2 protein chains.
Amino acid sequence: MAHRSALVPVAPKLSSRQEQLLEALRRAGRELSGQDLHARLRASATPMGLATVYRHLRQLQQWGRVRCRHLPSGEALFAPTECDEHHLTCVDCGQTHRLEHCPVHALELSGEELRGYLPLFHTLEFYGLCPDCQRRQRRTASEAVEAAGQSASLPSA
Amino acid sequence: MAHRSALVPVAPKLSSRQEQLLEALRRAGRELSGQDLHARLRASATPMGLATVYRHLRQLQQWGRVRCRHLPSGEALFAPTECDEHHLTCVDCGQTHRLEHCPVHALELSGEELRGYLPLFHTLEFYGLCPDCQRRQRRTASEAVEAAGQSASLPSA
DNA sequence: GCTCAATCTGGGAATCATTCTCATTTATGG
DNA sequence: CCATAAATGAGAATGATTCCCAGATTGAGC
């Protein structure tokens, strides 16, 4: 991934609260929601209000230091941009798995496609049905078919 | 893209309301939010309540007929899965552009990585700052620097 | 055509993450 | 120590989505 220092127009020194927030994200070792972060910092020596957490998250995102993705539930998850990972998520139960091997290596947009944007980060997310939810849905479907009262099939799963 | 017919466990005939919803999405020619769809259908001969819109959208998503992505604002946008496109979105103002050329062609997960999931769809989204927001931020930053009444420099990183 | 049960539907309340408001606190410079 | 600006957080406001439930619709069986 290209280093941001050369590109970002505002490459600001972070305030101590911003450092604190980013550090908490790094320590977590996994993506956290705004609420998660608030809860974690609440326990620390210098708690941070929810409004402040969200304010800084947005700022850090615009500075390219933090990226954000959304679960199917709508919950927003944040992580440091240097932690560039992708996921496989069940659209039913919401369970998500980190992908070990990034399926795309050099992921970049051409200059033309950039339209003058300053690139900050990207998300690549896969969605599907996890084995449990597949089973549950198959079961429900069978019941529906039975209820529909038919003859022939039930292609033996 | 692999056709779903062979894969999806429940490849159900859609109810007429579900067809109506999917058709509205197709006609729109762009991604729509649940609220958008509700508003559009409200005008039709057979309006659909908000609860029903969301119910069917979820169901269609689990059947692999509809995919969903989230704007930075958290708003969820839906589109038919056959319409497989990606975007470049400004993390500040939220403006989004459709990418004309998909930057990745064959995007697939290995069997091992699938963990038994039934793949339904994926999203690949790029985020950055649009030219306007870059300018605005540069301006703000300069003011800040002036206000800070500098001297030497930003201790680089 | 009629009856009954199961399903579908939509209005409105409930939820919940996020944002906004604004009074207070903190930092900075003089 | 004073004055001004920036940062902060408590709590209200917002807004999308989901939940609840009573009424409407459907389809099977008669």
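Here is the naming used below: chain letters follow the sequence lines, and residue numbers restart at 1 for every chain. These figures come from a predicted structure and were not determined experimentally. Keep in mind that the numbers below use all heavy atoms, side chains included, and drop hydrogens, waters and symmetry copies.
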Chemist: Donor-acceptor pair, His38(A) side chain versus Met48(A) backbone, under 3.5 Å?
Modeler: yes
Chemist: Rounded off to whole Å, could you give me the CG-to-P distance for the Leu71(B) and dG15(D) pair?
Modeler: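 Interatomic distance, CG of Leu71(B) to P of dG15(D): 16 Å.
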Chemist: Under the side-chain contact (heavy atoms from CB on, under 4.5 Å) rule, collect the residues that match up with Glu23(B), sequence neighbours excluded.
Modeler: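 Glu23(B): side-chain contact (heavy atoms from CB on, under 4.5 Å) contacts with Arg26(B), Arg27(B).
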Chemist: With no hydrogens and no angle check, is any side-chain donor or acceptor of His86(A) less than 3.5 Å from a backbone partner on Leu99(A)?
Modeler: no
Chemist: Would you mind telling me which of Val53(B), Thr46(B), Leu41(B) makes a side chain to side chain contact (heavy atoms under 4.5 Å, CB included) with Arg17(B)?
Modeler: Thr46(B)
Chemist: Could you state the atom-to-atom distance from NZ of Lys13(B) to P of dG27(D) in whole Å?
Modeler: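 Distance check: Lys13(B) NZ to dG27(D) P gives 12 Å.
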Chemist: Under the side-chain hydrogen bond (donor to acceptor under 3.5 Å, both in side chains) test, which residues partner Arg30(A), sequence neighbours left out?
Modeler: none
Chemist: Describe, in one word, how the ring planes of Phe126(B) and His122(A) are oriented to each other, choosing from parallel (under 30°), tilted (30 to 60°) and perpendicular (over 60°).
Modeler: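 Ring orientation, 0 to 90° scale: tilted.
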Chemist: With Glu85(B), which residues qualify under salt bridge (Lys or Arg N to Asp or Glu O under 4.0 Å), at least two apart?
Modeler: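 Only Arg98(B) meet the salt bridge (Lys or Arg N to Asp or Glu O under 4.0 Å) criterion with Glu85(B).
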Chemist: Who passes ring-ring contact (aromatic ring centres under 6.0 Å, His included) against Tyr54(A), sequence neighbours left out?
Modeler: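 Testing Tyr54(A) for ring-ring contact (aromatic ring centres under 6.0 Å, His included), a comparison that skips the adjacent residues, returns none.
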Chemist: Quick one: Arg69(B) CZ to dA16(D) P, roughly how many Å, whole number?
Modeler: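 Arg69(B) atom CZ is separated from dA16(D) atom P by 17 Å.
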Chemist: Specify the angle, to 10°, made by the local axes at the two ends of the helix from dG1(C)-dC30(D) to dG30(C)-dC1(D) when five pairs are taken at each end.
Modeler: 30°
Chemist: For a quick check, with a 4.0 angstrom heavy-atom cut-off, what is the B/S/- contact string for nucleotides 8-20 of chain C, read 5' to 3'?
Modeler: -BBB-----SBBB
